[in-house]
Structures are given as structure tokens and as C-alpha cells.
There are 2 protein chains.
Amino acid sequence: MVDQFDARNVNQVVDPGKRVSPEPPADRPGFELPLLLFAGFRTLIDRLHAELARQGHPDVRPAHGFALQAIAAGGPGGATASDVGRRLGVSKQAAGKTVDRLVALAYAERADDPADARRKLVRLTPRGVDVLTRSAAIFDALRGQWAATLGPERLAGIEDGLRTVVPPETAFRLDATSWLGAP
Amino acid sequence: MVDQFDARNVNQVVDPGKRVSPEPPADRPGFELPLLLFAGFRTLIDRLHAELARQGHPDVRPAHGFALQAIAAGGPGGATASDVGRRLGVSKQAAGKTVDRLVALAYAERADDPADARRKLVRLTPRGVDVLTRSAAIFDALRGQWAATLGPERLAGIEDGLRTVVPPETAFRLDATSWLGAP
DNA sequence: ATAGAATCGACAACATGGTTGACCAGTTCG
DNA sequence: CGAACTGGTCAACCATGTTGTCGATTCTAT
């Protein structure tokens, strides 16, 4: 994540003499941008989960959603805990604990892999599929609300802008929890 | 956070018959929007902390940054742990622990309040001020990079768009960590 | 003035979700 | 076949949150 940062630009802006931005930072302080992005993200996620709770899924948490996606990404055969861990960018042990939790909540189930006795395949239960299906519908509805407020073009402009400025691998990495944590 | 969600829109979009969005959701799946917002946020935060580490602050974490802001928001006299907790939207106990951490890292210090023997004022150390100053400069530089890539107008459009779609109180709430956690 | 209510900080117990390290059981490969 | 890798699990630990309790202090209202 460090690789794309150009330290020269930092010095250029810290030193008011030579500035990279065509617009003075004082005009729009840079610290607002991450706050707005996070507020937007959190607004969507909070509303998603409020609505999921209303639709019969009061116990699913944002972290679970990411994990469910990672399990579903393993295909119909299921995924192993190690797979999930790799997909989420966490250790296999942490992934195992999260899967335990999802199994306890009846969103996933474990089965032995007939082809490899080491592996335990994790699959979504119908309830797990249901929460993902509902999530997709709710996200579509929320996006529809934003489109109604902003206009479809402005919203598409936000999405396109973010797509161009975010490293593509980063865009769909599912590790939402770990980045705040330890070194 | 639930209050602003209009459940009718959800049903309208779930039911393909009556749709609120002028654009079919299938065109732009709604689930990408939160992912893009989060990816943008994380990109900025990751680069900020990579650069802070390079500039002599390798131990500060995103959560600490929010707490430092909350302390600084208390004004020059300092803030109490309970203040910080309220500002961050967490319990006073949790805020106290975070303050402990910042004190251990030499970013903050505690002092008795001469006017109220119950209170312990938390103030930033010069090191704490330094990390906030550098953070502001780095955020300005990062915003400058985005402005250079997108063009200033498109970036301003993203910011303005998010501002209109995000509930204003939500925009600058500093509680970044708790929303993922427990019920 | 004083009794009762509210607030602050601290301690304890616990949940969650992350980390390492170690280890065993299987599988794969030279 | 044996070495090396891989998957899952156990154990210890850390960071952050949560409740609940409590003593000390301050505020408030009679």
C-alpha cells in the first residue's frame, strides 16, 4: 500500500513554495475527504444492517457479510477456512473463528471434503444465501435512493471517479476489519 | 441511523414492478458503491499511516488518530476521558483505555483538573500535536494527488455529492471502530 | 445547609476478532 | 519411501469494545 505513494508530493504541499495541487489545500482541507468517504460507507452499511435486522437477520454484522461473501466466492462446492482467510487477508486461525461464528449463527455449515481428508468445506446454508440475496436487493435500493437524490449521472461520476483513483486490487478486497488493528 | 431509511423504496426495488431508481439496478449493482467508498477511505488511511510511519510515527494507528482528534476538540484546556468517549460514541471506560494507550505512546498526558477533583484532563503532548499537524499536511497532499488524477472539479463533485447524501451529523462523527463490533 | 442525584474515573469480568507459535494428520512430489 | 507442503486446531496473548459496580466529588433543589 505504500508503493503508490509519492513522497515528493507530500513535501511539495508541506512546503507552500511548490505545490502539486492546482487548487490550494486550504480551500478544501484534505482531511474531509476520508471522513466523507467513511461517512458514506458507514451510512450505507448501517442502513443495510438496520434493514436486514428488520427482515429477520438481526444478528448478522458487517464483518460477517464480508466473510459470507468470501465463502460464497469459493463456488458451489464451498471454500476451506484457509481459502476464506486468504480472501479476507487474515490468518487461517482468524478465518476459522469467524466461520465458527457463522456456523453458530446458522449462516454456514461445515462438511468433510471427500477428495481430501484434511479439508473441511464451508458452505452457505439457505439462511446464508438468503442474507446475501437480501443484502444485494437492499444495496440496490439504497443506491437507488442516492441516485434519486444526486441524479444518476452525479452518482455514476462518484463511482467512476473512485474507480480510477483506487488501486484496482484494493477495490474488492474484503478485509474490512483488520486494517484498523495491529501492525 | 435507521430513521432515515425508507423501507418503501426497498420494496419497490425488490419488486421489479415499481422501481424508484431511474436506472435499473442491474446496470450498476448497488453493492459496488460501499466497496468503492471503503476502498477510497482505506487507500487514504493506509497511505497516511505509511507516510506517518516514515515521518517518525510508526506506532500510531487509525483508531488513535480519531481519538487524538477527539482530545484536540476539547480545546486547549484538554478533555476528560468521558468527553472523549462521548465524542467517539463509545463508553467512558473504552475511551479511558484508549487514552491509556495514547499516554503510553507519549501522544497524550493526563493532569488533574484544579477546578474539579473528579476530572483528569487529557491533553496532547507536543508529539501528539506533531502527528496531527503532519496528518493534516499529508491529507492535503493526498487530496492533491487525487485532484491531479481526477481534475479538481470531479473531486469537488465527489465531495459535494457525498456531503449532500450523508446525514450531516454523521459526516464528522469520529467513531470509526465501534460500528463493526458488537450489537 | 444539607440530602439526594448526577458525574468522573477506576476496577473487574467478559465478548469479539485479530495475532503467533506449535502440532498432527493428510497429500504431494522428488 | 521420505521430505515438504497444506489444512485444521489448540493455546496464549493483545487490542478494543461492552456491562456492572463502586468511591469520591460536585451539583442541585428543598
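Here is the naming used below: chain letters follow the sequence lines, and residue numbers restart at 1 for every chain. Note that the coordinates shown come from a computational prediction; the quantities given were computed from them, not determined experimentally.
Proximity of B:K97 to the phosphate of D:dT18: no side-chain N or O atom is located under 4.0 Å from OP1 or OP2. At least one side-chain nitrogen or oxygen of A:H64 sits closer than 4.0 Å to the OP1 or OP2 atom of C:dG17. For A:R86 and D:dG7, the shortest distance from a side-chain N or O to OP1 or OP2 is below 4.0 Å. Distances shown here put every side-chain N or O of B:R61 at or beyond 4.0 Å from the OP1 or OP2 atom of D:dA15. Side-chain nitrogen and oxygen atoms of B:S91 include none within less than 4.0 Å of the OP1 or OP2 phosphate oxygen of D:dG17. A sub-4.0 Å separation between OP1 or OP2 of C:dG18 and a side-chain N or O of A:T98 is present. Residue B:S82 has a polar side-chain atom (N or O) positioned under 4.0 Å from OP1 or OP2 of C:dG9.
Between the P atom of C:dC8 and the NZ atom of B:K120 lies a distance of 14 Å, rounded to the nearest Å. If you measure from atom CZ of B:F66 to atom C1' of D:dG17, you get 16 Å, rounded to the nearest angstrom. Atom CG in A:L88 sits roughly 18 Å away from atom P in C:dT16 (whole-Å rounding). We find that CG of B:D112 is positioned 16 Å from P of D:dA24, with the value rounded to whole Å. Atom CG of A:D113 and atom P of D:dG8 are 9 Å apart (whole Å). Rounded to whole Å, the distance from CG on A:D100 to C1' on C:dA15 is 15 Å.
By the side-chain contact (heavy atoms from CB on, under 4.5 Å) test, B:T133 is found to be paired with B:V129, residues two or more places apart in sequence or in another chain being considered. Under the side-chain contact (heavy atoms from CB on, under 4.5 Å) criterion, A:S91 pairs with A:Q93, A:A94, not counting sequence neighbours. Listed by chain and residue number, A:R110 satisfy the side chain to side chain donor-acceptor pair (under 3.5 Å) test with A:D100 (two or more places apart in sequence, or in another chain). The side-chain contact (heavy atoms from CB on, under 4.5 Å) check on A:R119 picks up A:T80, A:D83, A:D113, A:D116, A:L121, with sequence neighbours excluded. Remark: A:R123 engages no residue in a side chain to side chain donor-acceptor pair (under 3.5 Å) (not counting sequence neighbours).
The CG atom of B:L37 sits 5.0 Å away from atom CG of B:L33, with the distance rounded to the nearest 0.5 Å.
Proximity note for B:R119 (side chain, C-beta onward) versus C:dT19, D:dG17, C:dC8: the nearest is C:dC8. Closest to the side chain of A:T80, from the set C:dC8, C:dG18, D:dG8, is D:dG8.
Side-chain contact, B:D130 with B:H57: a donor N or O sits under 3.5 Å from an acceptor N or O.
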Per-nucleotide protein contact string for nucleotides 21-30 of chain C, where B marks a base within reach and S marks sugar-phosphate only (heavy atoms under 4.0 Å, - for neither): BB---BS---

